[in-house]
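Numbering of residues begins at 1 and proceeds along the displayed sequence.
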Amino acid sequence: MPGSIDHHHSRHYLLQHGETSTHCHLLLQGYLCWLDPGSRDGRIISIHVPGDVPDLHTIHDGRLDYDLVSVGPAVVASVPHDVFRDLCGVSSSLARALLLMMLGDAAGSRNWIVNLGSRDALERVAHLLCEIAMRLRAVGLAKDLRIPSPFTPSDVAGACSISAMHANRTIGELRRSNLLQWHARMITITDWNGLVHLAGFNPAYLRLPADATIAPAEAVVMPTLDGPPLAPRLR
């Protein structure tokens, strides 16, 4: 597809509230998120992984209500809306696939609301990590339940609607419960079943292929990784 591929540093604003978009952004590496521009605490509306097109809906309405921002370094392909429109015009299968992607985003947003409205802080963070792990596996990443992590306590706080201090304590509790190891740039889930049980996580809403399922045998305890713990990164 015609377009451009760009490397972005952390906290780069690809799109901002009030703009009118003319391109969609296909995430190739790293993470993107939608940020609420009206929140003073950096509230995150959704997190996106490689393979996602978080602004696919702008093909139909380019007006933007939120900011699209990189979480850590990211590589992103920018593709004009007209390319997607032309491809949909000649391929009903592609048009249906793009529609299913948008429906998947909508399902994820509904679950995001449930996560914030009906779970406590510990369950929210656990659920967020379960979701990210499953979505990464669907695109061939995190096979050994190791998740590259540019996330800070402030990012976790913004995604789970808690304070950064509370997020840091919650992560510490998950570590002490031997559900995961979280070091500066890597999260290792050491007890997948335990994390799923704590979160009440059911991946059906993600509409992922069957081979993205995580087998209990994969969730083995990994040796401690070198590097500083998350706490010193609190800000």
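- A chain of hydrophobic side-chain contacts below 4.5 Å, direct or via other Ile, Leu, Val, Met, Phe, Trp or Tyr residues, connects L128 to L206.
- Minimum interatomic distance between P150 and G72 (heavy atoms only, all atoms of both residues): CB-CA, 3.7 Å.
- In this structure, the side chain of R146 does not engage the main chain of I187 through any donor-acceptor pair within 3.5 Å.
- In plain terms, the two heavy atoms of L26 and G51 that are nearest each other are CD1-O, 3.8 Å.
- Within 6.0 Å of the NE2 atom in H17, the count of heavy atoms belonging to other residues, nucleotides or ligands does not exceed 12.
- Proximity of a side-chain donor or acceptor of T58 to a complementary backbone N or O of D61 within less than 3.5 Å is not detected.
- Within 6.0 Å of atom CZ in R85, more than 12 heavy atoms from other residues, nucleotides or ligands are found, so the atom counts as buried in its surroundings.
- The same ILVMFWY cluster, assembled from side-chain heavy atoms under 4.5 Å apart, contains both V53 and L98.
- Here H25 contributes atom NE2 and S78 contributes atom OG; the two are 4.0 Å apart, rounded to the nearest 0.5 Å.
- S21 places a side-chain N or O within 3.5 Å of a backbone atom of H23 that can act as its donor or acceptor partner.
- Looking only at distances, a side-chain donor or acceptor of T190 sits under 3.5 Å from a matching main-chain atom of N178.
- Taken from CG in L32 to CG in L27, the straight-line distance is 4.5 Å, to the nearest 0.5 Å.
- The two residues P2 and V79 have their closest heavy-atom pair at O-CG1, 3.6 Å.
- Formation of a donor-acceptor pair under 3.5 Å by the S149 side chain with backbone atoms of R185 is not found in this model.
- Scanning all heavy atoms of the two residues, the minimum distance from F84 to C24 falls at CE1-CB, 3.6 Å.
- Atoms CG and CG, on D55 and L14 in that order, are 8.5 Å from each other to the nearest 0.5 Å.
- Looking at R124, its side chain does come within 3.5 Å of a backbone N or O of C160 through a donor-acceptor pair.
- Taking CG of D105 as the reference point, atom CE of M101 lies at 7.0 Å (rounded to 0.5 Å).
- V69 and I45 fall into different hydrophobic clusters, defined by Ile, Leu, Val, Met, Phe, Trp and Tyr side-chain heavy atoms under 4.5 Å apart, directly or through other members.
- For H9, the ring pair (Phe, Tyr, Trp, His ring centres under 6.0 Å) criterion is met by H12, not counting sequence neighbours.
- For R43, the salt bridge (Lys or Arg N to Asp or Glu O under 4.0 Å) partners two or more places apart in sequence, or in a different chain, are D36, D41.
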Worked check of side-chain contact (heavy atoms from CB on, under 4.5 Å) between F151 and W182: CA-CA 10 Å; F151 305 114; W182 192 323; 4.3 Å; yes
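- In this structure, the separation between NE2 on H57 and CZ on R63 is 10.5 Å, given to the nearest 0.5 Å.
- Cluster membership check: L180 shares its hydrophobic cluster with F201, using side-chain heavy-atom separations under 4.5 Å among Ile, Leu, Val, Met, Phe, Trp and Tyr.
- In this structure a side-chain-to-backbone donor-acceptor pair under 3.5 Å is present from S118 to V114.
- Nearest heavy atoms, L35 versus Y66: O-CB, 3.3 Å.
- A distance of 8.5 Å separates CD of E173 from CG of L198, quoted to the nearest 0.5 Å.
- Hydrophobic clustering (side-chain heavy atoms under 4.5 Å, transitive across Ile, Leu, Val, Met, Phe, Trp, Tyr) keeps Y13 apart from W34.
- Judged by distance alone, the side chain of S163 and the main-chain N or O of H166 form a donor-acceptor pair under 3.5 Å.
- For R135, the salt bridge (Lys or Arg N to Asp or Glu O under 4.0 Å) criterion is met by D52, E131, not counting sequence neighbours.
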